[in-house]
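A, B, ... follow the sequence lines: proteins, then strands. Residue 1 opens every chain.
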Amino acid sequence: MSQATTACPECDGRVRTDGTETVCSDCGLVVSADRVDRGPEWRSFADDDTDPRRTGAPLTRSRHDRGLSTEIGYTRVKGRKRRQWARMRRQHTRARISSKRERNQVYGFTEIRRLTSVHSLSEQVRDQACSLFDSAQEEDLLRGRSIEGFAAAAVYAACRIAGISRTRAELLAEAKADENELDAAYDAMNRDLGLPVGPIDPVEYLPRFVSDLDLSAAVERDARAHLETARDRGLTNGRNPGGVAAACVYAAARDNGEECTQADAADAADVTPVTLRNSYTDLRE
Amino acid sequence: MDRQIRREVSREYFSQERLAEHHFRSFNNFLDRGMQDVVDEKETIDTDIGDKEGQEPVYVELGDVRITTPRVREADGSEELLYPQEARLRNITYAAPVFMEMKIIRGGEEEPETVVDQTETKVGRMPIMVGSNKCNISGFSDDDLVQIGEDPVDPGGYFIVNGSERVLMTSEDLAPNKILAEYDSKYGDEIQVAKTFSQRRGYRALVLCERNREGLLEVSFPSVSGSVNFVTLVRALGLESDEEIVHRVSDDPEIVKFMLENLEEADVQSEEEAIETLGERVASGQGKNYQLKRANYVIDRYLLPHLHEDGVEEEETRSNKAYYLCRMAEACFELALDRREADDKDHYANKRLKVSGDLMKDLFRTALNKLARDVKYQLERANMRNRQLTVNTVVRSDVLTERLEHPIATGNWVGGRSGVSQLVDRTDYMGVLSHLRRLRSPLSRSQPHFEARDLHATQWGRICPSETPEGPNCGLVKNFAQAMELSQNIEDEQGLKRELASMGVEGIPGIEGVDRASADD
């Protein structure tokens with residue numbers, strides 16, 4: 001697209017990109033048209049049995065070689081040739097990783113991929129986490145700390161940067177790293193890489209807590225309103241954001257008459273019921 | 001019947017659910033039993049941990065597999081039920097999480113086996129057929145469907161991957177586990193061949209028994225290059241004496257004459273000798289012991305795998321295999337003596353249809369193998385780094401998901417077949433219906449294959465005689481007849497055999513176990 005248009009110049013309606021055209025969904029004005037095919041590069045073959053694509057997958061940050069490696073295929077050959085190919089294949093896979101650092105990176109990236117897939121995080125978050133891991137290696141932060149810790153910390157940081165924070169407990173439940181490793185790695189990254197992260201907005205936790213506790217959309221809406229007032233009254237300052245979010249969910253659930261105990265809500269946020277109660281009483285004042 | 005009544009009957013017959021019924025039945029079957037069967041086949045994931053000294057071996061035991069209904073995980077982490085229309089509009093995949101019970105077990109060498117960790121973990125996501133049992137809209141009334149934005153007359157029967165609707169084309173394959181006798185030519189001479197595609201658990205092996213121009217029988221099967229003398233192979237399977245072999249093949253005097261020629265030329269006389277000869281073929285240049293081991297392995301593993309059965313030792317099926325080979329020999333001779341005609345490959349009795357559930361089973365099997373390999377690698381890695389081994393940290397759920405979604409999205413199925421999944425033809429309503437009831441022959445469209453394209457008399461009532469495309473696909477792409485019913489494979493083979501035995505079907509005399517009769521599919 002020539003540029004990302006957000007509103008219709010005629011009526012300020014919402015625009016929608018559909019194929020090659022950007023159209024206003026209110027008045028129907030074609031804001032911009034773009035005939036460039038942005039799909040994978042291809043050329044036409046008369047034989048449509050073959051894949052018309054000319055290039056491979058795009059480069060990705062989430063692989064140590066940017067996804068550029070080649071593989072020796074498995075065409076049917078016999079006897080001596082087959083043995084020769086097998087040897088070549090083995091050497092080829094060995095040559096793919098050249099240094100200890102690269103080997104560590106492969107291991108770290110595998111762990112990052114695993115974590116992001118378990119949490120169904122987007123590709124952008126995964127790539128961001130991978131490049132954070134790469135930068136940490138570049139800065140020599142991994143010396144004396146664990147790879148697993150950095151992988152988990154990179155995912156944690158990438159989530160915070162993307163504004164979809166996960167709690168430490170949520171990540172640790174699936175991660176290979178333990179709490180100390182994650183903390184050490186995150187501290188080091190935050191200190192030396194200058195991560196662009198501020199305090200966590202409790203709103204980021206709301207949808208997840210609500211769905212974990214099996215509450216309705218109305219509860220989520222009310223909880224948002226509660227958070228708004230809490231923020232206006234300065235109640236979020238200096239408090240565990242998870243605790244505040246859980247308190248708002250709990251309050252909203254009570255208002256809506258849905259079942260949710262303090263213990264359940266606190267459990268979802270991985271805080272003690274006391275933390276939740278403090279925020280809750282302040283909220284009710 | 002007058003037209004009015006006929007119309008009523010077919011309207012009743014084609015009440016909504018029947019249009020894609022074959023897809024639903026097949027896929028539901030896969031969800032209910034097929035998935036668990038594949039997991040049970042796999043049973044365990046073995047690792048190389050413990051090969052080194054001072055370490056106890058570790059393996060993973062696979063347990064029950066469970067699948068929920070489709071749901072979507074949002075970026076903010078909340079999880080909601082997903083309905084087909086939302087999947088279409090948001091360009092996401094209509095897939096349900098799959099959970100599996102896994103047990104990491106360490107020990108067995110010196111220490112007793114102990115369970116290190118045991119949990120039910122999410123192993124990936126399985127695309128769900130719209131309208132199947134695990135679909136979120138199954139059992140909804142028309143009003144409910146309209147309420148959530150679904151089309152109440154949509155037939156279902158397809159998958160939604162990355163927002164595009166995909167049907168799995170039913171494919172028409174040659175029936176496995178059946179003897180097909182036919183003529184072939186080799187070096188200008190006409191020879192007789194009996195063929196069997198022996199298939200069991202996704203492993204497919206072609207066994208050929210041919211009568212060459214000298215009148216000698218030769219058998220070829222996977223893992224043995226070239227062919228093996230028939231008599232040698234049968235002797236290796238435990239059928240030793242001349243009399244027994246001849247008697248097993250046929251009592252027909254002319255065939256007996258042919259058989260005696262074969263026995264005269266035989267170069268081995270005993271089972272032992274036969275296995276030795278076979279060992280020299282499958283592992284030439286290796287040590288004697290290894291040759292014997294390899295020969296036994298090849299016989300029990302690659303020869304006629306469909307005669308194996310759950311709970312029966314592999315060696316015990318050898319006599320069945322010998323008997324089966326004799327049946328193939330008989331077919332060759334009968335063909336040579338003009339006692340029978342060559343089997344008709346285009347006869348519909350010799351065809352089997354692979355519907356979506358069967359295709360998904362193939363896919364799930366390879367995806368699970370890939371996952372198992374990954375789990376093995378992760379376990380070895382974690383063990384090497386002295387980490388606690390837990391189920392949750394060694395399973396990467398994207399491995400399975402990718403392997404399941406990618407073939408459906410592109411149509412490139414396992415086993416190198418392409419075009420298996422196709423974009424649903426939404427030109428009009430009839431287009432959709434026709435597309436769901438279409439079937440494809442795996443034969444190449446660039447070759448003539450005149451016989452395969454012809455309308456065969458046995459297609460009566462099964463395949464529409466007139467609906468087929470013009471051009472290169474003519475006769476290779478077919479459509480179901482209106483009232484076609486697709487029968488399914490039997491669930492419980494043992495039960496079937498017991499039932500047959502109770503109805504008076506007798507097993508082969510001389511082979512113990514009445515219910516282990518020749519498995520002619």
Side-chain angles (χ1 to χ4, degrees), chain A residues 47-51 53 62 74 76 78-79 103-104 106-107 110-126 146-148 151-152 159 162-167 170-178 181 203-215 217 220 268, chain B residues 71-82 89 91-93 95 97 119 121-125 225-226 284 371 374-375 377-402 405-406 410-412 416-419 444-446 472-473:
Chain A
D47 190 7
D48 51 355
D49 275 342
T50 31
D51 190 358
R53 272 180 302 176
S62 62
Y74 290 83
R76 270 177 180 263
K78 283 222 155 154
R103 191 177 304 278
N104 289 345
V106 172
Y107 183 63
T110 321
E111 172 73 356
I112 290 176
R113 291 178 83 89
R114 193 181 65 77
L115 281 172
T116 47
S117 83
V118 169
H119 288 276
S120 317
L121 294 166
S122 66
E123 244 160 70
Q124 289 88 313
V125 175
R126 188 189 71 198
S146 82
I147 303 173
E148 290 90 346
C159 283
I164 42 167
S165 300
R166 308 285 137 140
T167 62
E170 275 173 308
L171 219 56
L172 284 169
E174 308 289 343
K176 279 191 182 135
D178 61 28
E181 287 171 331
V203 172
E204 294 172 21
Y205 290 142
L206 276 185
R208 207 157 57 250
F209 293 170
V210 169
S211 104
D212 283 353
L213 293 165
D214 257 335
L215 299 169
E220 190 183 329
Chain B
R71 45 207 69 204
V72 57
R73 189 92 175 265
E74 305 291 351
D76 59 27
S78 58
E79 202 175 54
E80 286 162 32
L81 283 187
L82 180 65
L89 292 175
N91 282 351
I92 50 181
T93 303
T119 27
T121 182
K122 184 184 156 191
V123 289
R125 288 183 309 143
S225 56
S284 60
L371 178 83
D374 192 71
V375 166
Y377 174 77
Q378 296 277 338
L379 267 175
E380 285 164 7
R381 203 63 210 248
N383 185 61
M384 212 162 64
R385 294 179 62 85
N386 288 323
R387 293 267 157 185
Q388 182 74 34
L389 302 182
T390 58
V391 172
N392 272 336
T393 55
V394 294
V395 177
R396 275 172 44 192
S397 61
D398 55 339
V399 176
L400 191 87
T401 312
E402 231 161 71
E405 283 177 4
H406 197 255
T410 61
N412 297 327
R417 277 181 299 163
S418 62
S444 161
R445 58 181 144 176
S446 52
N473 266 331

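- Interface remark: Ala162(A) contributes no atoms to any contact with chain B (heavy atom separation under 4.5 Å).
- If you tally non-hydrogen atom pairs under 4.5 Å between each of Gly124(B), Ser397(B), Ala382(B) and chain A, the highest count goes to Ser397(B).
- Contacts between Leu206(A) and chain B at a heavy-atom distance below 4.5 Å are absent for every atom of the residue.
- Within the 4.5 angstrom heavy-atom criterion, only side-chain atoms of Ser146(A), from C-beta onward, approach chain B.
- Contact check for Val125(A) versus Ile164(A): side-chain heavy atoms found under the 4.5 Å cut-off.
- With a 4.5 angstrom heavy-atom cutoff, Arg113(A) touches chain B via backbone and side-chain atoms both.
- Between chain B and the residues Glu181(A), Glu170(A), Glu111(A), the most heavy-atom pairs under 4.5 angstrom are made by Glu181(A).
- Note: Arg125(B) CZ to Ser120(A) OG = 6.5 Å, rounded to the nearest 0.5 Å.
- Interatomic distance, NE2 of His119(A) versus SG of Cys159(A), reported as 8.0 Å (0.5 Å rounding).
- Here the closest non-hydrogen pair linking Arg387(B) and Lys176(A) is NH1-O, 3.3 Å.
- Between the side chains of Ser418(B) and Asn412(B), no donor-acceptor pair of N or O atoms lies under 3.5 Å.
- For a residue to count as touching a neighbouring chain, one of its non-hydrogen atoms must lie under 4.5 Å from one of that chain's; by this rule Ala217(A) does not touch chain B.
- Contacts between Val395(B) and chain A at a heavy-atom distance below 4.5 Å involve the backbone alone (N, CA, C, O).
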field: Intermediate values then yes/no, salt bridge (Lys or Arg N to Asp or Glu O under 4.0 Å), Arg73(B) and Glu80(B)
entry: CA-CA 7 Å; Arg73(B) 189 92 175 265; Glu80(B) 286 162 32; over 6 Å; no

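- For Gln388(B), the CD atom is loosely surrounded, since the number of other residues' heavy atoms within 6.0 Å does not exceed 12.
- Each of Ser211(A), Ser165(A), Ala175(A) has some count of heavy-atom pairs under 4.5 Å with chain B, and the biggest count is that of Ser211(A).
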